[in-house]
Amino acid sequence: MALEAMLRTFGSGSISQSPKSLQFQIAWEEMISSPCLLEDASIVIQGGFLLVLLLQFICSVIKSYFRGRKKIISAEKYAVGAKVGLSYKLTIICSTLLFGTHFLLLLMLQSDGAAARCKVKIQAFSSEIMHIVCWILSLVLLYKSLRDKEVKLPWVLRFWWISSFLLSFASAVFDGKNIVNNHESLKLRDIADVLNLVASTCLLVFSIRGKTGLVFDMPNGITAPLLNGKTQKNVDDKLECPYGRATLLQLVTFSWLNPLFEVGYKKPLDQEEVPDVDFRDSAHTLSPSFDECLDRVRRRDGTTNPSIYKAIYFFARKKAAINALFAVISAVSSYVGPYLINDLVEFLSDKSSRSLGSGYLLALAFLSAKLVETIAQRQWIFGARQLGLRLRAALISHIYQKGLVLSSTSRQSRTSGEIINIMSVDVQRITDFMWYLNILWMLPIQISLAVYVLHNNLGWGSMVALAATLTVLSGNIPLTNIQKRFQAKIMEAKDERMKATSEVLRHMKTIKLQAWDSYYLQKLVSLRKIEYDWLWKLLKLLALTAFIFWGSPAFISAVTFIGCVLLGIPLTAGRVLSALATFRMLQDPIFNLPDLLSVIAQGKVSTDRIASYLQEDEIKPDAVSSTPKDQSEFSIHIDNGKFSWDNDPRTVTLDAINLKVKRGMKVAICGTVGSGKSSLLSCILGEMSKQSGFVRISGTKAYVPQSPWILTGNIRENILFGSPYNRDKYLRTVEACALTKDFELFSAGDLTEIGERGINMSGGQKQRIQIARSVYQDSDIYLLDDPFSAVDAHTGTQLFKDCLMGILKDKTIVYVTHQVEFLPAADLILVMQNGSIAQAGSFEELLQHNVGFEALVGAHNEALDSILTVESSSRTLDHAISDGECTTDPSSNAECPVTKQESEHDLGVEITEKDGRLVQEEEREKGSIGKEVYLSYLTTVKGGALVPLILLAQSSFQVLQVASNYWMAWACPAGSAEPVKGIHYVLLVYVLLAVGSALCVLIRASLVAVTGLLTSQKLFNNMLYSIIHAPMAFFDSTPTGRILNRASTDQSVLDLEMANKLGWCAFSVILLLGTITVMSQVAWEVFVIFIPVTAICIWYQRYYIPTARELARLAGIQRAPILHHFAESLAGAATIRAFDQKDRFIYSNLSLIDNHSRPWFHNVSAMEWLSFRLNQLSNFVFGFSLVLLVTLPEGIIVPSIAGLAVTYGINLNSQLASVIWNMCNAENKMISVERILQYSSIPSEAPLVIDDSKPPEIWPETGTIRFTNLKIRYAEHLPSVLKNITCTFPGKKKVGVVGRTGSGKSTLIQAIFRIVEPTEGNILIDGVDITKIGLHDLRSRLSIIPQDPTLFEGTVRGNLDPLEQHSDNEIWEALDKCQLGELVREKPEKLESMVVENGENWSVGQRQLFCLGRALLKKSTILVLDEATASVDSATDGTIQKIISQEFQDRTVVTIAHRIHTVIDSDLVLVLSDGRIAEFDTPAKLLEREDSFFSRLIREYSHRSQSFSGFSKSQG
């Protein structure tokens, strides 16, 4: 029948053909249909198999002869025994079955020659005999595999099994076609062919897996399958992964996930309950594998920068090929249904003359094809996700590794935000592309099959369909190019926004202190506006694309039918329905094409960005050479070194550096701000670009950077830094670094959790923790960059004595310092000037030269003299005060400090690890996503008024589409009769309905784009405003990675995915209802079976959702630590390299990747688990409906409408799965909305402006600050930092605040600015309670030079005056006063000179001077200096103090300082101890008491410098 119909079609559709071409075509068709063709193909394939085996045998004989028949022992020689696994047994059974069936067929041929398909006996006999021989040899090869204990199947056997499957499949199709066309009953040969197909399908699966299935007993007692001939190191880990241990049946059905679902259904899953990933999916395996691929490309191309595209190809090709095979099988089997529809309609039209068996056989063919399609589809989709996971793990690990070795030039050209964006967004896009990769090769196959099916039914009309399809597809080219451009622009805009967001979050404290919140908020809003504009352009383009592609099936079918009418091809119901089914199948590739092109565009942009990043310049490993300790007397040797921070030979940072440091020497480096002190340490570390000379070090090194680098975690982890814990060594280290008392103050001791970047530690504590880190490493060489700047005089002395001259006395130490009192102890002092060593020698030698060094010493002498003068003058008063009494200002009510024991008793808190946690676990909702989340998303824009319009547009589309198909099925005749109406009228109505449905899609797509983007923008703004106005405590306890994760990844989901995902939930339900309506109209019994199946589907969904939801949440939460760890590692890359800890950090990164992969992998597997079950249920409904249609008596149903029902039913499995999958996918994506909403409702700090309580314009006038019973704590679960502070800072006076590190000095300053709000008590400034006014009004009237100098990326002008309130002259005046004017004038861009991220192209001292410049410009009544001169030398410090005393002489100046001489001339001194006031009075009165804390500090400072002072005076 099918052949006759095909010939008829060719006859009717080729009127204009020449007789010669017609003859050729008929000959071709006869050859294709010839039964002998199958036998010929079989003989050729079998002959090839036998020939290859013969050649292999000959080669092995020759090899054994030349090797002296020496037995080659394989990698399996260690196996002492092998067990036969299930898969091996099955291969033996299947091979034996195939041998048996072919032997039976040979016997049948001998007894009855008519049993042969091919009437040429020699061909039939040859084919069967060769089959038998081939299967005997297959069994021999399998036995050989067992004997030789081979892990992998021989490739020749795998090839034979695949060929055998193709032959069996072709044979079964040929038999089925004969039975249907010739109305035959099943014969013994047909049953044998079915058995062959089943057995060869089983062997096909094993050939794809490629493993023999043998299980080996290893000598260590472990029984495990060997993979690639090697035992795995982590056998235990591997056994924990159910996927790695799954049987073939479990892999097909995904039932290896059942134990996880059982746990997840009972309770919300936790991370530790999620199984490990298989070792093949672990980053620890994948990262080295990707390395090998890069090396391979490097060797092949002979280049140092291998192509990442080629590396990805080598990395992914094997898995991608297996996925492609499944994808092709799925695509081919999906077209069996449309191919058979015409036969079904003809069967239903002529049921009386057909056997019921042929009808059931047709139904079986339909159902078998659907089963093969769904199983193959699930496997390729799962495989694609798995490949995406592997590629993501490999790329993230390499991006991380690259970040650890980026050169300074590369770091300046790429900000942390940009690099983190590459890791989060770009890698995700490449992962997504892996899913779409299979569509690339499915597309041509699907189109070819569609054309073939159409050609069978419509003859040359199929060419019209092909032309229309190609027209639609080619229309994508300009759209894709535009889309690609938009994608690149969106990524650029996103990079800029993320860079700015990252910077704002990093410097939030400075922004709040300077009252710049509104300015930076507007900056982020304006950057988002640029991104929004590009998003809007892209979404408009995507709406247009949706219109074209949803309308394309209707357009193609209309053009095809018109073409058929013009060609004179009659349109029968069977042909039309087969064509419509084919066009519906063609929808998939056409629908996927815009997504595919979009993903290709995004993937190309992202891959190029990653490639560009991976090719950035690295730190040169040969910059520093290493010499064994026994081969050199020098620890450090630099000869004629010339170094630069960039690769430009014209810019030299350090020149003519010659240095020899013997083992055990103490070398001090001093010099003015910006003279090259830190750069000298960097060149020893190999951080700088070496232009000439050499650097050689001998021994291990430890490094303490100037800006403390503290990792999130507890204090002990920071000190151990990967080394094993040795209690005695640890306690010695802690004591030497003066941390013992700090640990006593912390609620959890050294297990106290440190906030991000050590945010809850004082500057001195952070500095001492990183000094302790370096001491504990017990290295040979110590490089310390200004280690004493952030600690007070007493602690500094203790550190120098116990640490540098105590525990490290035998070590080589090179230390930068601005404190001259630490210089005499050095064996060698280097004086830096303009990037060169101006002088070098001992302290005495340098003083004799009287050049440069004398200036530094002179400034120190002046400061010391001022202290000694005040001290001696106060001694003459010698006023006795009883012990334990507090000396306070008359106006204050300061309490006496309580003893340590009382303090502990008052706290009444048990010291546990948890008490010390500042950074809590990331917030994670549990249970189902609340309706309020959905409601809040849907009603964000216009209260949800657009949602009904979207649903109406989609419903109208579905109604019009069903109506158009129904019209064609009803109007076209079942046989050769004329149409019910004229054919032109039929087509006109069809075209009108098709155009109407396409317009509905355009309206729907436009509304979804508008609503989605407006919603996304509003939610973004809410989150941004909420974060910017959050209190500082939120930033102290929330790692930046968590916020950036929401601002980048989650926001991307809202921008481009969320609206479509949610829309598709509704659209897929509407499509499914349309299908069920059409099917039920033909046979209402289908609806009856559909109800219980739907109930089962809903049960499955409810069983699935709890587990999948928690897995998606866990995956979201586990993504943030990867980004956070990366950001921290980038910030401390120099320290990591200095300690040679790269491998440990890379290992941590790989472990974090695996922690994220675990829930992510099981989440995508769970999706396939559900989809597989839903597919089989819908296959059951489809099969039931087919059996029903075949069984119902003739006349009850209209054949053409029944055909329409089958046309829709073919897609039932994908539609039913689509409904559930879309709902689950939307719920998973809704987690991004949930996470953004979490950060949209952060408790805000006080209002910026309170209109009813605005202070006067001239406030504060005098600057009097009164503290009353002030108590401060950083978090509810942490103890108080300030306790009962009551005192007054008089207006227009200088008040010095001193105290040991961690005593609460910086917290007091934060309280004045309301960075932390008082727990109790209040602060009045000029009589105004600062808690009653707006934060902007308060902070904008105060000035501060903070402890950590902060510069923003931009220009010098932008850093000094971001709000643009001052003229150029005022800015230059401020720069001159803060000693930077000359330096900035030397730069060609002057005030527009560049400042890179974190101000890293300026020294720390220069950054602190910039902060002084800001304060000079602001000219506030109250100025706060928080360790403002800690990072500058004594001479610059003296100059700054003079400038401050001149510029702020009639203003209130509150100074926190460790350099006593900066507070000695204050009007009042406040001494804090353990968060309480110890003393508060004038310096003179405090010095009258020898036992006062202040006296002890002065004595300590003067004693520390006494010997040096006496020595310098004797020189004078």
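Heads up: numbering here begins at 1 and tracks the sequence. Remember, predicted model here, so these are calculated numbers, not experimental data.
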(message) Using a 3.5 Å distance criterion without hydrogens, assess whether the side chain of Q770 forms a donor-acceptor pair with backbone atoms of P705.
(response) yes

(message) I'd like to know if the side chain of S1420 reaches the main chain of L1423, judged simply by a donor and an acceptor atom lying under 3.5 Å from each other, with no hydrogens or angles considered.
(response) no

(request) Apply salt bridge (charged side-chain N to carboxylate O under 4.0 Å, His left out) to D1474 and K1283, showing your working. (result) CA-CA 9 Å; D1474 297 344; K1283 305 151 192 171; over 6 Å; no

(request) Return the set of residues passing side chain to side chain donor-acceptor pair (under 3.5 Å) with R1314 (not counting sequence neighbours), or none when no residue passes. (result) E1317

(request) Specify whether F1289 and F1480 have parallel, tilted or perpendicular ring planes, treating 30° as the upper limit for parallel and 60° as the lower limit for perpendicular. (result) tilted

(request) Please collect all salt bridge (Lys or Arg N to Asp or Glu O under 4.0 Å) contacts where either partner lies in residues 1323-1334, sequence neighbours excluded, each pair once. (result) D1329-K1332

(request) With sequence neighbours left out, write down each residue that passes side chain to side chain donor-acceptor pair (under 3.5 Å) with T817, or none if nothing qualifies. (result) none

(request) May I ask you to test the I1323-I1265 pair for a side-chain heavy-atom distance under 4.5 Å? (result) yes

(message) What I want to find out is whether K677 reaches D786 closely enough, with some N-O distance under 4.0 Å, to be called a salt bridge.
(response) no

(request) Tell me, please, which residues at least two apart from K512 pass side chain to side chain donor-acceptor pair (under 3.5 Å). (result) E1245

(message) To the closest 0.5 Å, what do you measure between CG (L804) and CG (L784)?
(response) 5.5 Å

(message) Side chains of N1322 and L1270, heavy atoms from C-beta outward: is any pair under 4.5 Å?
(response) no

(message) Going by side chain to side chain donor-acceptor pair (under 3.5 Å), name the residues that satisfy it together with D785, two or more places apart in sequence or in a different chain.
(response) S678

(message) Tell me whether R1339 contacts the main-chain N or O of Q514 through its side chain, where contact means a donor paired with an acceptor under 3.5 Å.
(response) no

(message) Applying ring-ring contact (aromatic ring centres under 6.0 Å, His included), can you list everything that pairs with F1410, at least two apart in sequence or on another chain?
(response) W1402

